[in-house]
Amino acid sequence: MSINSVLSKFVSLASAVFTSISGKISDAALVKCLPGFSNHFATVNGIRLHYVAGGAGTPIFLLPGWPQTWWAYHKIMADLAKNHRVISLDLRGMGSSDKPDAGYDKKNMAKDVSELIHQLGYERVDVVGHDIGAMVAFSLAANHADQVRKLVMLDVAHPSS
């Protein structure tokens, strides 16, 4: 059994456990708690990503940690939306996004985000990542620097450490 196969099974199991713990509250129900925000899906890099968007202004992408979803940022999204177009997403393997058997290396996950940025019509965005999301955000900045205006990494060791 390959490491990707083992990781895929682990991600699927953890996602199922997290969904069970969270009470299976739908994204539709959760987004109703955030006036001005709505659910969306986009097909990028061969998978379907779920994201929630709202607000107007400079785009800011919020990448959650593992095993979290877009909801991890719900307490700050309304304030950010006063001056930004907020896009909070479920990374590959999390929440309502697809959970493929492979593709969980951070360079590929950054490609997911890069393609979403392009598909939504943005040239440059601010990116905030927490935990695994910070690793994906760093990879996005390193591999797609032309798309990242500002980078914020939360609760993660620097990749060179």
Side-chain angles (χ1 to χ4, degrees), residues 11 15 18-19 22 25-100 103-161:
V11 166
S15 180
F18 182 74
T19 300
S22 68
I25 299 171
S26 72
D27 290 315
L30 291 172
V31 82
K32 286 181 183 176
C33 299
L34 296 169
F37 284 85
S38 55
N39 283 306
H40 302 273
F41 288 91
T43 300
V44 295
N45 197 17
I47 65 160
R48 187 171 180 236
L49 282 185
H50 171 254
Y51 65 96
V52 171
T58 307
I60 183 168
F61 276 57
L62 306 176
L63 312 181
W66 185 86
Q68 298 169 329
T69 68
W70 69 271
W71 183 250
Y73 290 104
H74 76 279
K75 291 182 180 180
I76 63 169
M77 288 170 64
D79 282 337
L80 287 172
K82 293 174 184 174
N83 298 304
H84 299 278
R85 177 65 174 173
V86 177
I87 296 96
S88 187
L89 60 114
D90 292 339
L91 294 170
R92 161 188 301 253
M94 298 182 204
S96 295
S97 289
D98 281 351
K99 297 160 184 65
Y104 292 95
D105 58 282
K106 301 313 166 266
K107 189 172 185 178
N108 191 58
M109 293 174 77
K111 184 177 179 186
D112 296 344
V113 179
S114 172
E115 288 188 13
L116 181 61
I117 291 168
H118 178 74
Q119 190 174 116
L120 295 179
Y122 300 119
E123 290 184 27
R124 295 174 63 79
V125 302
D126 296 339
V127 182
V128 177
H130 168 253
D131 184 56
I132 295 299
M135 295 176 193
V136 175
F138 181 84
S139 182
L140 179 70
N143 294 292
H144 306 276
D146 58 318
Q147 291 182 302
V148 179
R149 191 172 76 91
K150 292 181 183 177
L151 171 66
V152 177
M153 296 169 42
L154 307 169
D155 294 327
V156 69
H158 189 276
S160 68
S161 63

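Since this is a predicted model, take the numbers as computed values, not measurements. All heavy atoms count here, side chains included; hydrogens, waters and symmetry mates do not.
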Subject >> Worked verdict on S139 versus M109 for side-chain contact (heavy atoms from CB on, under 4.5 Å) >> reply: CA-CA 8 Å; S139 182; M109 293 174 77; over 6 Å; no
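- Inter-residue side-chain proximity for L62 and L89 is flagged as unmet; no heavy-atom pair is nearer than 4.5 Å.
- Atom CG of L80 and atom OG of S88 lie 9.5 Å apart (nearest 0.5 Å).
- The NZ atom of K111 lies 10.5 Å from the CG atom of D105; values are rounded to the nearest 0.5 Å.
- For the pair K99 (side chain) and G95 (backbone), a donor-acceptor distance under 3.5 Å is present.
- Nearest heavy-atom pair, A72 versus P64, reported as atom, atom and distance to 0.1 Å: CB-CB, 4.3 Å.
- The backbone N or O of R48 sits less than 3.5 Å from a side-chain atom of D98, completing a donor-acceptor pair.
- Smallest separation of non-hydrogen atoms from H74 and L34: O-CD2, 3.7 Å.
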Original post:
Please walk me through it: do Y122 and R85 pass side-chain contact (heavy atoms from CB on, under 4.5 Å)?
Top reply: CA-CA 11 Å; Y122 300 119; R85 177 65 174 173; 3.1 Å; yes
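- Here the shortest heavy-atom pairing between N108 and G103 reads ND2-O, 3.1 Å.
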Subject >> Derivation of the side chain to side chain donor-acceptor pair (under 3.5 Å) call for Q147 and H118 >> reply: CA-CA 9 Å; Q147 291 182 302; H118 178 74; 5.5 Å; no
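- You'll find the side chain of F37 stays beyond 4.5 Å of the side chain of C33, heavy atoms only.
- Contact detail for Q119 and A42: the closest heavy-atom pair is OE1-CB, 3.2 Å.
- V136 is listed as a side-chain neighbour of V113, based on a closest heavy-atom distance under 4.5 Å.
- With rounding to the nearest 0.5 Å, the separation of OH in Y51 from CG in L120 is 4.5 Å.
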**OP:** Take F61 and V86 through the test side-chain contact (heavy atoms from CB on, under 4.5 Å) and record every step on the way to the result.
**Re:** CA-CA 6 Å; F61 276 57; V86 177; over 6 Å; no
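- Between T58 atom OG1 and R124 atom CZ the span is 11.5 Å, to the nearest 0.5 Å.
- Put simply, the side chain of L140 reaches to within 4.5 Å of the side chain of I117, judged on heavy atoms.
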**OP:** Take D126 and R149 through the salt bridge (charged side-chain N to carboxylate O under 4.0 Å, His left out) test and state the conclusion after the steps.
**Re:** CA-CA 5 Å; D126 296 339; R149 191 172 76 91; 2.9 Å; yes
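- For the pair R92 and D112, the salt-bridge criterion is met [side-chain N within less than 4.0 Å of a carboxylate O].
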**OP:** Could you walk me through whether W70 and D27 pass side chain to side chain donor-acceptor pair (under 3.5 Å), step by step?
**Re:** CA-CA 9 Å; W70 69 271; D27 290 315; 2.8 Å; yes
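- Ring pair H50/F41 is tilted by interplanar angle, where 30° to 60° counts as tilted.
- Judged by distance alone, with hydrogens and angles left aside, the side-chain atoms of E115 form a donor-acceptor pair with the main-chain N or O of N45 at under 3.5 Å.
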Subject >> Pair I87-I60, side-chain contact (heavy atoms from CB on, under 4.5 Å): steps then yes or no >> reply: CA-CA 6 Å; I87 296 96; I60 183 168; over 6 Å; no
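- Between L49 and D90, the shortest heavy-atom contact is CD2-O, 3.5 Å.
- For the residue pair V128 and Y73, the shortest heavy atom distance occurs at O-OH, 3.7 Å.
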